[in-house]
Amino acid sequence: MISTSTQTREKILPFDDAAAVFAALREEGKQLVHCHGTFDLIHPGHIVHFEEAKALGDILVVTITGEQFVNKGPGRPYFNDQLRSRWLAALACVDYVVVVPHPAAVEAIECVRAQFYCKGREYADPLNDLTGNIADDLAAVQRVGGEIRYLGSILFSSTRLLNQHFDPYPPEVKSFCQRVAQECPPARFRQIVDDFSQLRVLIIGDLIFDRYTTLQVQGLTSKNRILSGRFIAEEMQAGGALAVFRHVREFTPHVKLISLAGTEPWLNETLSEFIEPGEDAIVRSPDFTTVVKQRFVEPRVPGKELPKLFSVNYLDARPPGDALQRALLERIAAEIANYDLVLVMDFGHGTLEEKIRDFVQDKAPFLSLNCQTNSNNHGFNIINRRYRRADVFTLDQTELDLAVGRRHVDYGQELTALASHLGSSYAWLTRGVTETLGRNCVKDICACAPFERTIVDTLGAGDAFCALASLAAASRVPLPIATFMGQLAGAQAVRIVGNSEPIRKGRFLKGGVSMLAF
């Protein structure tokens with residue numbers, strides 16, 4: 001006699017083998033029914049859903065999103081793939097369980113090719129689909145010749161149960177999210193984010209391309225004792241102001257980028273991968289070198305931060321000439337009055353010279369500022385020496401230390417002083433794994449611990465924070481909610497390599513709604 005544990009194991013199929021198993025079952029005349037989800041915590045609503053689904057056919061297949069692709073915010077899924085698949089397989093009504101290594105359900109639908117694809121009744125209303133994936137699911141179901149059914153006479157929320165009775169987040173994060181949820185429950189959070197689509201945003205700043213070159217380190221050469229590596233792959237990513245443009249464009253279509261670029265043969269084709277015609281007013285000149293930052297990295301080990309070896313920067317040593325600055329100023333002057341938010345991304349690479357900075361500070365209706373320190377400008381690109389006005393600003397601990405110019409800093413006090421100097425309504429200091437401090441026009445201080453502890457790559461996380469916090473500030477969102485939004489964007493950014501993809505609105509909504517469900 002086969003033990004229960006063996007029966008359970010036999011129900012769990014590897015994704016690569018599952019399609020053949022299901023094809024054989026269909027050949028036998030079996031009618032397959034398919035349910036897909038995260039199923040992070042099984043509750044009575046799931047049981048009823050599975051039983052109603054099983055009644056539609058002969059074989060019930062439950063597929064679950066692999067843990068690295070779950071988009072419910074930091075700390076989720078609470079239970080790993082092995083536990084979620086094991087307890088699903090232990091249910092008598094479930095015949096097969098498959099962990100799907102993809103973020104959405106399309107690949108799962110094409111693998112199972114069931115007669116009936118079942119979703120919860122709440123998904124019958126398209127407004128409940130935060131990610132916008134249901135339309136893709138429906139198209140996939142139609143392609144495989146199936147039908148969709150909305151089932152479930154009992155509704156519970158795994159997310160709410162986990163947030164209330166488990167600890168998916170550290171205590172300080174949970175406490176912060178509970179406070180935010182009192183003022184901004186999930187429905188209001190979603191409405192605020194949807195309303196970002198009305199904002200008109202002009203982004204002015206340094207255009208950067210991040211080139212990630214992956215090497216397998218082989219060791220030191222025998223003669224010169226230099227590091228030797230075997231080339232594996234290379235990827236060009238949109239960095240700097242272009243990365244922020246991509247983040248913002250996920251939330252509003254009314255966005256334009258103004259920057260400087262060269263006329264390198266590769267530029268237009270590469271730029272077209274990230275930005276559409278009409279979305280930029282980039283000044284191109286053969287007298288300017290398009291900024292490229294090449295980072296040599298090793299292959300990432302799952303669960304660990306991307307190991308970086310060294311970097312090489314391709315950029316001009318001197319600022320752009322007067323003629324190029326005048327051309328840039330003309331572009332800005334033609335656009336700046338047409339926008340609700342002007343977001344300045346100053347990396348110190350030539351776009352924001354003194355005349356440009358003065359004009360933008362004088363003319364921007366609502367100005368958000370990110371003045372960054374990096375290896376090329378350390379000690380020179382200091383926010384309170386380059387700027388006198390910002391309605392919003394974000395900076396990190398090193399940048400505030402340079403602005404203050406002394407050791408043993410009281411960060412809350414100095415953030416308030418800098419905000420007063422710049423006349424800022426909102427100000428944020430991000431301190432990596434320590435905390436984020438926010439300050440508003442009435443000098444309230446909001447402290448928030450980092451949401452995400454599993455780091456893939458920190459590059460671009462501050463830019464993602466700035467993008468979403470700036471949208472919230474331009475919408476006059478209360479400080480704790482705006483801080484929550486910035487932290488959520490930063491938490492999502494550190495889970496991807498560099499700027500390989502923008503902060504997706506659907507993922508952002510899903511993560512925020514999950515973290516605020518109490």
Side-chain angles (χ1 to χ4, degrees), residues 67-68 70-78 163 167-180 210 239 243 247 295 297-298 300-309 311 370-375 378 383 393-404 407-415 418 427-439 445-469 479-480 482-500 503 507-508 511-512 514-515:
E67 57 194 89
Q68 69 268 41
V70 171
N71 295 327
K72 290 182 177 288
R76 300 291 302 279
Y78 188 80
N163 287 354
D167 294 309
Y169 316 116
E172 62 273 21
V173 173
K174 182 176 181 179
S175 176
F176 177 77
C177 291
Q178 286 175 322
R179 294 196 303 272
V180 172
D210 294 313
H247 296 321
R295 291 170 174 85
V297 303
E298 293 183 270
R300 189 176 76 86
V301 176
K304 295 186 178 181
E305 188 169 349
L306 180 73
K308 298 177 182 177
L309 301 172
S311 65
N370 187 263
C371 183
Q372 292 198 17
T373 288
N374 53 53
S375 60
H378 191 89
I383 186 170
F393 69 85
T394 65
L395 76 176
D396 65 20
Q397 184 170 320
T398 298
E399 290 153 1
L400 185 60
D401 287 340
L402 288 169
V404 173
R407 300 181 187 274
H408 311 300
V409 173
D410 180 324
Y411 288 107
Q413 178 178 320
E414 295 300 340
L415 183 65
L418 183 56
W428 283 282
L429 167 66
T430 58
R431 300 183 62 209
V433 298
T434 304
E435 64 179 352
T436 291
L437 296 178
R439 180 263 193 203
I445 291 288
C446 173
C448 176
F451 289 171
E452 184 59 74
R453 300 285 182 173
T454 304
I455 309 299
V456 172
D457 189 358
T458 58
L459 188 142
D463 300 338
F465 182 103
C466 177
L468 269 298
L479 178 66
T483 304
F484 174 85
M485 291 180 172
Q487 284 289 82
L488 181 60
Q492 293 187 358
V494 298
R495 293 297 301 271
I496 63 175
V497 174
N499 291 300
S500 54
I503 301 302
R507 183 181 178 192
F508 183 84
S514 295
M515 295 189 75

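Looking at Leu488 and Leu468, their side chains never come closer than 4.5 Å, going by heavy atoms from C-beta outward. By the 4.5 Å heavy-atom criterion applied to side chains, Val433 and Arg453 are counted as neighbours. Within the 4.5 Å cutoff, side-chain heavy atoms of Leu418 are placed close to those of Phe393. Residues Met485 and Thr483 are not in side-chain contact: their nearest non-hydrogen atoms beyond the backbone lie 4.5 Å or more apart. Annotation: side chain of Arg300 is in contact with side chain of Val456 (closest heavy-atom distance under 4.5 Å). Two residues are said to be in side-chain contact when any heavy atoms from C-beta on lie closer than 4.5 Å; Phe508 and Asn71 fail this criterion. Between Gln372 and Asp463, the closest side-chain pair of non-hydrogen atoms falls below 4.5 Å. Side-chain contact check for Met515 versus Val173: some heavy-atom pair is nearer than 4.5 Å.
Taking both residues in full, the closest heavy atoms of Ala464 and Ile503 are given as CB-CG1, 3.9 Å, listed atom of the first, atom of the second, then distance. Here the closest non-hydrogen pair linking Ala447 and Phe176 is O-CD1, 3.8 Å. Of all non-hydrogen atoms in Ala493 and Ala461, the two that sit nearest each other are CB-CA, 3.7 Å.
Counting only distance, with no hydrogens or angles, the side chain of Asn370 and the backbone of Thr394 share a donor-acceptor pair below 3.5 Å. Judged purely by atom type and a 3.5 angstrom limit, Gln492 uses its side chain to pair as donor or acceptor with the backbone of Arg507. The backbone N or O of Ala449 lies less than 3.5 Å from a partner atom in the side chain of Gln487, making a donor-acceptor pair. For Ser500 (side chain) and Val497 (main-chain N/O), a donor-acceptor pair under 3.5 Å exists by modelled atom type. Counting only distance, with no hydrogens or angles, the side chain of Glu399 and the backbone of Asp396 share a donor-acceptor pair below 3.5 Å. Judged by distance alone, the side chain of His247 and the main-chain N or O of Ala467 form no donor-acceptor pair under 3.5 Å.
In this structure, the ring pair (Phe, Tyr, Trp, His ring centres under 6.0 Å) partners of Phe451, at least two apart in sequence or on a different chain, are Phe484. A search for side-chain hydrogen bond (donor to acceptor under 3.5 Å, both in side chains) contacts involving Asp457 returns Tyr212, Lys308, not counting sequence neighbours.
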Leu459 vs Leu306, side chain to side chain contact (heavy atoms under 4.5 Å, CB included): CA-CA, chis, key distance, verdict = CA-CA 10 Å; Leu459 188 142; Leu306 180 73; over 6 Å; no

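At a cut-off of 3.5 Å, with distance as the only test, no side-chain donor of Trp428 or Thr436 sits close to an acceptor on the other residue.
A salt bridge links Asp210 with Arg295: the distance from a Lys NZ or Arg NE/NH1/NH2 to an Asp or Glu carboxylate oxygen falls below 4.0 Å.
Atoms OH and CG, from Tyr411 and Leu437 in turn, are 10.0 Å apart once rounded to the nearest 0.5 Å. Taken from OG1 in Thr430 to CD in Gln397, the straight-line distance is 9.0 Å, to the nearest 0.5 Å. Rounding to the nearest 0.5 angstrom, the gap separating the SG atom in Cys446 from the CZ atom in Arg439 is 13.5 Å.
Just one of Glu172, Gln178, Arg179 meets the side chain to side chain donor-acceptor pair (under 3.5 Å) condition when paired with Ser175; it is Arg179.
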